[in-house]
Amino acid sequence: MPRMQRAAVLTDIDAEFPDSPMVLTLGGTAREMLTVAGRKPNHLVNLDAMGQTVSIGLGIAVGLRGRPHGEKTVVVEGDGSLIMGMSVMSTIGLLGPQNLVVLVLDNGVYLATGGQPTASSSLDMCALAMACSWSGARSVSTRDELLESLHWAAAEPGPTLLHVIVSTEQIATDYFLEDPVILARDFRGWLQNSEAGVGVSTP
Amino acid sequence: MRAEAERLAAVLDDRSRAVIDGVEAIDPDFVIHLASSTLKQVLHHFIDGDGGRGRVVFAMPREEEGVVVAAGLEIAGRRPVLIFQDNGIGNLLTALLTVPAAYHIPLFGIVCRRGGLGEYNSMIHTISERSEALLDAANVRWFQLDARIPIELWAPEIHRAWTFSRTTHRPVLVLVNLMGG
């Protein structure tokens, strides 16, 4: 069975969490999300560097504890970047944010830099998450499994990890050259407006 | 010799208290720390003592992770403070420059000095005494509290430095010498 295409997975992630605070890892993941979902103020792009995206999301999730409606903070990470900052897995287990969902799109390579292999083929990410006292973890490789597990991650108290096996296929995208100051300003503005009940401003 | 040890212990007590008072004046809701024997009194206050009440206090496994988690907390409107040792400055530079500095997110850290007069570790100076140079090269704003600064000014200076991080939308570190230098 062919592996899922990352851009298609990102489309499903955006459909499941259209108005949730979301932190996107750098490179093709962020660019493909911009291509399939457009520029959204609830999406914070980590432009650089690897190993940070989950930690940013952890800080946001813990900082947003108590927000209404069971809102989840969603992190979309890659396997290489997760491995670079893997100590955060234990910090997440320690802090136990129920509003955190981490989606790891695992293509087994550092795709943006030419496809050098990561260590993910020998890593059981779900076992790691559970060993770090996360609430739940699943690995999916088909679209049916993905859709069902996205619902599960949206509903279940976290922290939850969804390990999504994807192909190395990429769609054509432009570089994303936005000033990070504007990204942070837009995201913080969206957080404040959505908290105040002004309403989310996603297109 | 004994008198000198007692003098240094008293210095450590007084300066640790001043750092605690300065951080308390900030009234952070999150205190993120990394192990340090020099900071033992300060960390004890927040981990086991009164300073932990009503706050989330936790250890960062590495400085760069703490920096980025704190940046996320700041984005979410919280008031984190980082507390760690200067031999970890090298670890955090990429994170500091690519997240809070790049996104203009205020961030505040207390960094205790090592490797100077009174040091008991024969190696730590190889990184610690380059702290100022590393931070300058990275264009990270820092202030220093040591024997040249009257102890009664330490706590207000810490609070002013925290305010300065908000005013200038960037990371600001206060280097504190608790070892007598």
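Each chain gets a letter, A, B and so on, in the order its sequence line appears, and its residues count up from 1.
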Could you walk me through whether A:Ile56 and B:Tyr103 pass the side-chain contact (heavy atoms from CB on, under 4.5 Å) check? CA-CA 12 Å; A:Ile56 296 172; B:Tyr103 288 72; over 6 Å; no

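Contact record, A:Gln52 with B:Thr94: NE2-O, 4.0 Å, taken as the closest heavy-atom pair. A:Leu191 and B:Ile75 make their closest contact through CD1-O, 3.7 Å (heavy atoms, listed as atom of the first residue, atom of the second, distance). Nearest approach of A:Ser55 to B:Val68, heavy atoms of both residues: CB-CG1, 3.7 Å.
More than 12 heavy atoms of other residues, nucleotides or ligands shown are found within 6.0 angstrom of CZ on A:Arg65. Heavy-atom contacts from other residues, nucleotides or ligands closer than 6.0 Å to CG of A:Asp174 number 12 or fewer. Annotation: B:Arg17, atom CZ; neighbour count of heavy atoms from other residues, nucleotides and ligands within 6.0 Å is above 12. For B:Leu117, the CG atom is loosely surrounded, since the number of other residues' heavy atoms within 6.0 Å does not exceed 12. Applying the 6.0 Å contact sphere to CZ of B:Arg166 captures more than 12 heavy atoms from other residues, nucleotides or ligands.
Of the listed residues A:Thr53, A:Leu44, A:Leu95, A:Leu64, the one with more heavy-atom pairs under 4.5 angstrom with chain B than any other is A:Leu95. Most heavy-atom pairs under 4.5 Å with chain B: of the set A:Val23, A:Val181, A:Thr73, A:Val54, this distinction falls to A:Val181. Most heavy-atom pairs under 4.5 Å with chain A: of the set B:Pro61, B:Ala70, B:Pro80, this distinction falls to B:Pro61. Chain A forms more heavy-atom pairs under 4.5 Å with one residue of B:Val69, B:Val99, B:Ile105 than with any other, namely B:Val69. Options B:Ala95, B:Gly77, B:Ala76, B:Ala59 differ in how many heavy-atom pairs under 4.5 Å they form with chain A, and the most are formed by B:Ala76.
The CG atom of A:Leu58 lies 7.5 Å from the CG atom of B:Leu73; values are rounded to the nearest 0.5 Å.
Looking at A:Arg188, its side chain does come within 3.5 Å of a backbone N or O of B:Glu74 through a donor-acceptor pair.
For B:Glu65 and A:Ser87, the side-chain atoms include at least one donor-acceptor pair closer than 3.5 Å.
With a threshold of 4.5 angstrom between heavy atoms, B:Ala71 does not approach chain A through any atom at all. With a 4.5 Å cut-off on non-hydrogen atoms, B:Val67 does not touch chain A at all. Heavy atoms closer than 4.5 Å to chain B are found in both the backbone and the side chain of A:Leu47.
A:Thr91 places none of its side-chain heavy atoms less than 4.5 Å from the side chain of B:Met60.
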